[in-house]
There are 2 protein chains.
Amino acid sequence: MSEQEPPAEKQSATRTRLIVSALGLFSRNGYAATGVKAILADAKTPYGSLYHWFPGGKRELGVAAVAHGGEVYRGLFETRYPTDLDVIAATEAAFVEAADMLEATDFADSCPLATIALEVANTDEPMRQAAAAAFESWLTVFEQRFLAAGMKPDRAREVAVNVFCLLEGAALLARTTKSPVPMHVAGKTAAKAVADGLATN
Amino acid sequence: MSEQEPPAEKQSATRTRLIVSALGLFSRNGYAATGVKAILADAKTPYGSLYHWFPGGKRELGVAAVAHGGEVYRGLFETRYPTDLDVIAATEAAFVEAADMLEATDFADSCPLATIALEVANTDEPMRQAAAAAFESWLTVFEQRFLAAGMKPDRAREVAVNVFCLLEGAALLARTTKSPVPMHVAGKTAAKAVADGLATN
DNA sequence: GTCTATAAAACGATAGAC
DNA sequence: GTCTATCGTTTTATAGAC
């Protein structure tokens with residue numbers, strides 16, 4: 001038997017470190033404000049390695065970081081929306097968790113992609129598309145949970161959009177005002193929107 | 001009689017042009033990604049004038065631009081929430097108007113402060129405070145309209161926060177996916193939230 | 001107050017040794 | 001594949017003429 005050959009290029013530890021460091025710095029300080037050197041220092045990686053793994057430089061790393069953030073949070077949402085639990089309570093719980101996370105990080109960490117998405121929406125098309133795909137994947141998770149709970153298909157998509165908007169809008173207001181209150185207020189409304197969506201069957 | 005002496009420093013045409021240009025470029029391309037030279041070119045102003053009117057440079061101009069955007073949009077919201085019209089219909093109309101604006105500008109213009117606010121939330125305290133004050137002034141406009149419509153005080157503040165979150169979250173999703181649909185969906189929910197707030201009196 | 005020339009530093013990216 | 005030295009540009013900011 002020949003030894004197993006993993007698709008090495010996508011699984012390099014160096015590559016992964018660069019992506020994780022980039023996502024963290026981009027989400028906290030912004031994409032444009034984060035220098036390549038700061039990413040390399042955070043990832044404890046020398047200059048040349050970045051251009052080995054990402055020939056397209058900062059922009060290609062940005063696309064990979066956005067895609068990674070999208071996948072990680074999609075996994076988180078799947079965990080927080082277990083099919084065997086009350087979907088209304090799970091919705092409000094997700095907002096409470098987001099509020100706790102914000103307070104624990106001095107209002108730095110909530111959605112890892114919102115800042116980047118707004119920055120690149122009109123200036124970097126590949127990154128914009130990566131962010132759009134990430135948001136769509138989250139909406140799909142929400143929608144499928146609502147469908148599993150018995151919501152009508154056309155309502156499930158609308159409620160998913162509403163939950164997303166409330167979550168992201170509350171994250172903006174909470175981070176800017178350094179207050180967890182908007183997240184709690186929006187969470188109650190999101191739970192109510194889910195309840196209303198289920199009621200109109 | 002002595003000739004009238006306006007408080008000239010704050011009303012200079014050059015100063016105003018710099019602020020307007022800066023706000024437009026910051027909101028479309030981001031604060032960090034916008035160079036001082038691009039602002040000066042847009043405002044048709046030579047280099048030295050910026051540091052005459054804003055000794056603190058780009059950051060001081062940023063604070064003024066955020067404050068200006070906050071005032072302009074507070075005025076817009078006051079116009080869109082006239083006290084003599086149905087506040088529920090006015091709420092949904094504001095979202096429809098935002099959707100139309102997004103489509104007319106290829107999804108560039110919605111909230112002029114959201115991108116900047118997220119960029120500076122953890123990196124520039126004076127700008128963060130300016131953005132927080134702007135958002136608070138908008139919430140106050142919403143709240144007072146709901147109070148005028150007969151909503152209970154504690155509910156009015158909550159509904160104002162919900163309308164804000166829905167509007168900002170929908171702007172993020174609409175700009176990122178280049179679709180007006182989230183704004184229309186969120187608008188219906190916002191109108192419903194206002195109706196619910198009025199019903200529980 | 002307006003404008004230009006320039007400084008000092010940081011930027012993203014590359015070349016080439018190992 | 002790793003690492004360093006450096007290139008060429010662009011950045012914010014300043015000095016000083018007008």
Audit row: A:T34, A:N29, side-chain hydrogen bond (donor to acceptor under 3.5 Å, both in side chains) steps and yes/no: CA-CA 6 Å; A:T34 300; A:N29 307 330; 4.7 Å; no
Given D:dG1, C:dC3, D:dT14, which nucleotide is nearest the side-chain atoms of B:P46? C:dC3
Distance (rounded to the nearest 0.5 Å) between A:F107 CZ and A:M101 CE: 13.0 Å
Measure CH2/B:W53 against C1'/C:dC3 and give the value in whole Å, please. 15 Å
Can you tell me the distance, in whole Å, between the CZ atom of A:F54 and the P atom of D:dG1? 13 Å
Round to the nearest Å and state the distance from A:K44 atom NZ to D:dC3 atom P. 13 Å
For A:E60 and C:dA13, give me the distance from atom CD to atom P, rounded to whole Å. 11 Å
Please give, in whole Å, the distance from D:dT11 C1' to B:I39 CD1? 12 Å
Given DNA chain C, 5'-ward residue of the pair A:G48 and A:K37, judged by closest heavy atom: A:K37
Short side-chain to backbone donor-acceptor contact, B:R145 and B:Y81, under 3.5 Å: yes
Can you identify which nucleotide, out of D:dA13, D:dT2, C:dT2, has its nearest atom closest to the B:K58 side chain? D:dA13
Report the nucleotide, chosen from D:dT14, D:dT4, C:dT2, that has the shortest atom-to-atom distance to any side-chain atom of A:Y47. D:dT4
Indicate the ring-plane relationship of A:F26 and A:Y31, choosing parallel, tilted or perpendicular according to the 30° and 60° boundaries. perpendicular
Note: for A:S49 and B:T34 on DNA chain D, the residue whose nearest nucleotide lies more 5' is A:S49
How long is the line joining CG of B:N29 and C1' of D:dT11, in whole Å? 16 Å
Specify the separation, in whole Å, of atom CG of B:L50 and atom C1' of C:dG1. 14 Å
Return the value, rounded to whole Å, for the distance between atom NE2 of A:H52 and atom C1' of C:dA13. 16 Å
Should A:T14 be listed as having a side-chain N or O under 4.0 Å from OP1 or OP2 of D:dT2? yes
Using 30° and 60° as the class limits, which term best fits the ring planes of B:Y73 and B:F77: parallel, tilted or perpendicular? perpendicular
On DNA chain C, nearest-nucleotide positions of B:T45 versus A:V36: which is more 5'? B:T45
